[in-house]
S.K.: 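Starting off with a structure, shown below.
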Amino acid sequence: MRTEQAKTIYLKDYQAPDYLIDETTLTFELHEDHTLVHAQLVMRRNPEKGAGLPGAGLPPLVLDGQELELLAVSLDDRELAPGDYQLDDSHLTLQPTAAQFTVDSTVRIHPESNTALEGLYKSGSMFCTQCEAEGFRKITYYLDRPDVMSKFTTTVSAEQHHYPVLLSNGNPVASGSEEGGRHWATWEDPFKKPAYLFALVAGDLWCVEDSFTTMSGRNVALRIYVEPENIDKCQHAMDSLKKSMRWDEEAYGREYDLDIFMIVAVNDFNMGAMENKGLNIFNSSAVLARAETATDAAHQRVEAIVAHEYFHNWSGNRVTCRDWFQLSLKEGFTVFRDAGFSSDMNSATVKRIEDVAFLRTHQFAEDSGPMAHSVRPDSFIEISNFYTLTVYEKGSEVVGMIRTLLGAEGFRKGSDLYFERHDGQAVTCDDFVKAMEDANGVDLTQFKRWYSQSGTPRLEVSEAYDAAAQRYTLTFRQSCPPTPGQPTKEPFVIPVALGLLDAQGNDLPLRLDGEAAGASSRVLSVTEAEQSFSFVGVAAKPLPSLLRGFSAPVKLSFPYDRDQLMFLMQHDSDGFNRWEAGQQLSVQVLQELIGQHQRGEALVLDPRLLHALRSLIEDESLDQAMVAEMLSLPGAAYLSELSEVADIDAIHAAREFARAQIGEALFAPLWRRYQANREVSRHSPYVAEESHFARRALQNIALSYLMLGNDPEVLAACVDQFDNSDNMTERLTALAVLVNSPFEAERGRALQMFAEHFKDNPLVMDQWFSVQAASYLPGGLERVKELMKHPAFTLKNPNKVRALIGAFAGQNLVNFHAVDGSGYRFLADQIIALNALNPQIAARQLSPLTRWRKYDAARQALMKAELERILVSGELSSDVYEVVSKSLA
Ligand code: B3K
Ligand code: ZN
């Protein structure tokens, strides 16, 4: 799309469609140099929009269509001549003459040259589709909007030898051979769906098969299709799928509805996966996993994404979105559902820690940047730019707060009512909240500000203790900084889960003034700009544990001193808040070091941090995964987010100094625990389960600290772990540690061996690219430029772009923010190149540059200059144009 066509769409302008499509019958004729698509649409006037006045009373029918070559169109079997319709870049307009009619069209498209990976395209030798949000209009002329739901029947025809497998949504109903070595298959989806859930796949694929018996006793065939060389990497995804299906029955009462559920893995894919009805299409990185090639994190990601897409069958497909402003209706809710699943499958506390760390580092940054938007945005230029951390992760937090306010049972009543009331409909976030309200007899009017107001609220808490009256008062002050288009905010409803600890670290009973009795942990609803809560019967001044489990996505502050944080780290009954106290302690200590670095002083680490970490490592009764989490210092990106002006060099220097000190001071216990865990790993086969993840996590973080001491014995252990592990979790950590170490010979050898061994596995090579792109040693940009010439790299594959360019700009902060602006210039060059190939990926890679306000004046100027250079670089996609222009506004 050309820049001057970029047009803003507003939620307030939403209109129901003039026409509906009851039935959609598609025929695809796939060829190597083009594809023919025939569509028959059985349509009628939308009864909501008037009684279907005959003749001139009918509005024109405006079908969406982009990059289509129209070969023929007819209305009720009457072929139309060019004068009978209007055609422009993105629409085909016809004039119906009756309230019910049929439109037939034939178009020619070019999947073989589609590098945007939207619509129908080729990934390697296979054909596949990605239609959400507005890709179906690149396949045929249609009402490409989620509130038009239709019954689809799809026939695919292709050359049989290269494309033995032909798939679409629903159930297979017929197939046959044609002359000339071609064959065809017809699929019928009995459920009405919006076009964004349409899918087609054709290729030479093998499949792993299994089955699942649903709670009502129906048998469902399960199939995972992959390219033949990957057939040995599907078991984990299949196990995850079956667990997801069972979990959704138990946790939400949701049963699967078709006779078959298919997943197809493709190598070229813009995001993780897509929930097309009955035919999920996945980035191969979100399906394939086995010990030798995928890390623990990759195994957990596969499990979570398989679950997420499966859960969409109800939250998204059976009940879908009315319009794209409601995206969080399905995405926020589905992220919340997959997080619940992952918590049940693994450690709930560790899952929460990971999610919160991610949210606070990345979503909070989005919320304070130029693209800040509410969970339900008011406007957009390009909807693809709104598949954001705010819509997904903050959207999930909003659903989580509803659950916290209603309780588990009330929430389940609400979700049952929502699914029952809206099955087969396209609805809004308001409808979701209304179901929660109706099922529980509550009023969530004020709560709904979480959907409409953007920005991260701040919550300042202060305390007062009246010893004579045995009264402890907490005062909460909430505010929310201005965000684009929203200079002022109204107070939010902020659920604050909390406890009060006595001097021994036990939870006190919590009795608010005027109450009879109290529990030891409870949720306060903060609804006003300033609000106090007084607890009575408090014999001595307690220590508060606030926002347990991170009960609201806010920036909470309370004036804890370091000794209090150490006390909470040890005693808080809430596991999440034990970690949180450790994080706050680390943040305070690191901020002190950052200040020392900035003032040119010698760095001095507060020994209390070492003391706190030592007691964690030495305590073998603690959950090893928790110890590993608590040993991880807050990341450079999070420390940047917390800074007024992010001084990347000082942050890096402070972190590295603290890490080296920890490695040195705690060498003995780290080495002991490393060796003990490595010994177990060495003798037990890889298992993708919680306790094994925990053991390897502690082993690996210990190794990364130990290697900072340049000790030959540790180096030998690291090389041994690299050479002799049977799994990618141990091997990749050893590689990463070597890559960031001063041991050039060992580093070179490991990189070379790894590349040689895994050269035929693109997903493993992505890891190899990432580890090098993220290395904070000097000369990072030159290494990345060199790696772009590697035969395994291509800008056309989104995984490669993310692995190399994304990892450099997003994780290698010292090199990316080089003061000469070379990192910025490099990224802008890549975005200009990507804009022409794949606008969605180009726009996503922009995000580090959009954060220019966070840096010093010199870097700001350099970053802005690159954004301006992109803006005038030629024909910009609407995706890139929107992000760049809003960032400069
Ligand atoms: N619903 C898809 C995302 C589609 C993104 C399109 N640009 C995957 C998911 O969230 O499940
Ligand atoms: Zn989703």
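We count ligands from 1, going down the list as the structure has it; atoms in each ligand are counted the same way. Since this is a predicted model, take the numbers as computed values, not measurements.
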S.K.: Check each atom of ligand 1 against the heavy atoms of His312 and keep those under 4.0 Å away; list them by number with element.
M.R.: 9 (C), 10 (O), 11 (O)
S.K.: Which option out of Gln130, Glu309, Glu382, Lys330 puts a heavy atom nearest to atom 11 (O) of ligand 1?
M.R.: Glu309
S.K.: N/O to N/O below 3.5 Å, does that happen between Ser384 and ligand 1?
M.R.: no
S.K.: So is Glu118 close enough to ligand 1, meaning a heavy atom under 4.0 angstrom away?
M.R.: no
S.K.: Should you measure from each heavy atom of Glu275, which atoms of ligand 1 turn up under 4.0 Å away?
M.R.: 1 (N), 2 (C), 8 (C), 9 (C), 11 (O)
S.K.: What residue and heavy atom of the protein are closest to atom 6 (C) of ligand 1, and at what distance?
M.R.: Glu132 O, 3.1 Å
S.K.: Which angle, to the nearest 10 degrees, do you find at the Zn ion (ligand 2) between NE2 in His312 and NE2 in His308?
M.R.: 100°
S.K.: Taking backbone and side chain together, does Glu275 place any N/O/S atom at a distance below 2.8 Å from the Zn ion (ligand 2)?
M.R.: no
S.K.: Write the atom name of the N, O or S atom in Glu331 that is nearest the Zn ion (ligand 2).
M.R.: OE1
S.K.: At less than 4.0 angstrom from any non-hydrogen atom of Gln840, what atoms of ligand 1 do you find?
M.R.: 7 (N)
S.K.: For Met274, counting its heavy atoms only, list the atoms of ligand 1 lying under 4.0 Å from any of them.
M.R.: 1 (N), 2 (C)
S.K.: Less than 3.5 Å apart, any donor N or O on the side chain of Glu331 or His308 sitting next to an acceptor on the other?
M.R.: yes
S.K.: Would you say the side chains of Asn797 and Asn267 form a donor-acceptor pair under 3.5 Å?
M.R.: no
S.K.: Looking only at protein heavy atoms, which one is nearest to atom 10 (O) of ligand 1, and what is the separation?
M.R.: Tyr392 OH, 2.5 Å
S.K.: For the residue pair Gln326 / Thr428, report whether a side-chain donor-acceptor contact shorter than 3.5 Å exists.
M.R.: no
